[in-house]
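These notes are about the structure you will find just below.
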Amino acid sequence: MQYWLIKSEPYKYAWEQLKKDGWTYWDGVRNYQARNFLKQMLTGDLCLYYHSNEGKEVVGIAEVIKPAYQDPTIEDDRWVAVDVKPYKSLKRNVGLKEIKATPELEQMVLVNNSRLSVQPVKPQEFDVILKLSET
DNA sequence: GCCAACGTTGGC
DNA sequence: GCCAACGTTGGC
């Protein structure tokens, strides 16, 4: 079981939208590094759902329900998509500022490579963020 | 809106 | 294979 963080700009596809839809395919990744992480996702893996640009906060947790397959939105077999559904909402959103201010999280990819749209999260980091969201 | 960081493209 | 030019992302 692996933990991840996936980013979306709220105006493109917000967490609320995912909850409304029930599930979605996570497509449109056009970056090799991010793609490689997508390919490693397995059913049941949990993803922190992060709103970039607007919000700049973790707003929920999504669960992978189908591992990587050819991205249906492009005719180019280099790119893949996965299916995700909402796992649960956070009691309280955890902002980037807060993440940066938390020593246990300063190694997060989000902090050091903010442009990567799909990234791995260590179990400890996942726990810390969950804890933050409950305070 | 600006700009730094990063990725990609294409000429050589 | 190098690197300059360009485009995009995302924090501020």
Side-chain angles (χ1 to χ4, degrees):
Chain A
M1 152 78 121
Q2 253 284 13
Y3 295 106
W4 309 94
L5 181 145
I6 55 180
K7 285 202 290 204
S8 178
E9 299 189 43
Y11 81 89
K12 279 189 190 149
Y13 197 87
W15 173 244
E16 289 71 30
Q17 188 65 42
L18 179 59
K19 282 199 292 185
K20 211 189 294 172
D21 291 347
W23 69 278
T24 191
Y25 32 79
W26 201 257
D27 60 359
V29 170
R30 299 289 180 268
N31 170 286
Y32 288 105
Q33 238 188 316
R35 195 256 340 238
N36 291 341
F37 290 131
L38 270 189
K39 282 188 170 178
Q40 292 171 33
M41 287 186 182
L42 297 172
T43 303
D45 281 359
L46 297 180
C47 309
L48 297 171
Y49 198 102
Y50 178 81
H51 279 171
S52 63
N53 267 318
E54 252 175 86
K56 278 169 287 184
E57 55 193 3
V58 178
V59 291
I61 300 169
E63 180 184 353
V64 177
I65 53 173
K66 187 177 174 188
Y69 56 96
Q70 153 94 48
D71 188 334
T73 62
I74 190 173
E75 264 191 61
D76 184 335
D77 57 16
R78 290 180 301 167
W79 305 116
V80 298
V82 299
D83 288 353
V84 296
K85 68 166 189 187
Y87 179 73
K88 70 176 206 181
S89 293
L90 299 182
K91 262 188 219 160
R92 186 176 69 78
N93 297 342
V94 179
L96 180 63
K97 227 195 257 176
E98 206 175 340
I99 290 173
K100 283 187 168 170
T102 306
E104 295 98 309
L105 298 177
E106 65 187 9
Q107 297 297 318
M108 274 190 80
V109 184
L110 184 68
V111 175
N112 298 302
N113 186 1
S114 61
R115 294 190 50 201
L116 191 60
S117 59
V118 178
Q119 47 185 262
V121 171
K122 297 197 195 89
Q124 312 90 272
E125 294 167 344
F126 192 87
D127 284 348
V128 171
I129 288 180
L130 272 201
K131 246 178 238 154
L132 283 176
S133 77
E134 278 164 5
T135 56

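Sequence lines set the chain letters: A, B, ... in the order given, protein chains first and strands last, and positions in each chain run from 1. Quick note: numbers below take in every heavy atom, side chains included, and nothing from hydrogens, waters or symmetry partners.
- The residues A/R30 and A/D71 are annotated as salt-bridged, a charged nitrogen and a carboxylate oxygen being separated by less than 4.0 angstrom.
- Residues from residues 72-80 of chain A that place a heavy atom under 4.0 Å from any atom of DNA chain C: there are none.
- To the nearest 0.5 Å, atoms NZ (A/K91) and OG (A/S133) are separated by 7.5 Å.
- Residue pairs meeting the ring pair (Phe, Tyr, Trp, His ring centres under 6.0 Å) criterion with at least one partner in residues 110-135 of chain A, sequence neighbours excluded, are A/Y3-A/F126.
- Of the possible polar contacts, one joining the A/R92 side chain to the A/T135 backbone as a donor-acceptor pair under 3.5 Å is found.
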Nucleotide-resolved protein contact map, nucleotides 5-12 of chain C, B/S/- at heavy-atom distance under 4.0 Å: --BBBBBB
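- Applying the ring pair (Phe, Tyr, Trp, His ring centres under 6.0 Å) definition to pairs two or more places apart or across chains, those involving residues 38-86 of chain A are A/W15-A/Y49, A/W26-A/Y49, A/Y32-A/W79, A/Y49-A/H51.
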Ignoring hydrogens and angles, write down the donor-acceptor pairs under 3.5 Å from the side chains of residues 103-114 of chain A, residues two or more places apart or on other chains.
unit_1 : atom_1 : unit_2 : atom_2 : d
A/N112 : ND2    : A/E106 : O      : 3.3
A/N112 : ND2    : A/Q107 : O      : 3.4
A/N112 : ND2    : A/M108 : O      : 3.1

Side-chain donor-acceptor pairs of residues 54-66 of chain A under 3.5 Å, sequence neighbours excluded:
unit_1 : atom_1 : unit_2 : atom_2 : d
A/E57  : OE2    : A/N93  : ND2    : 3.1

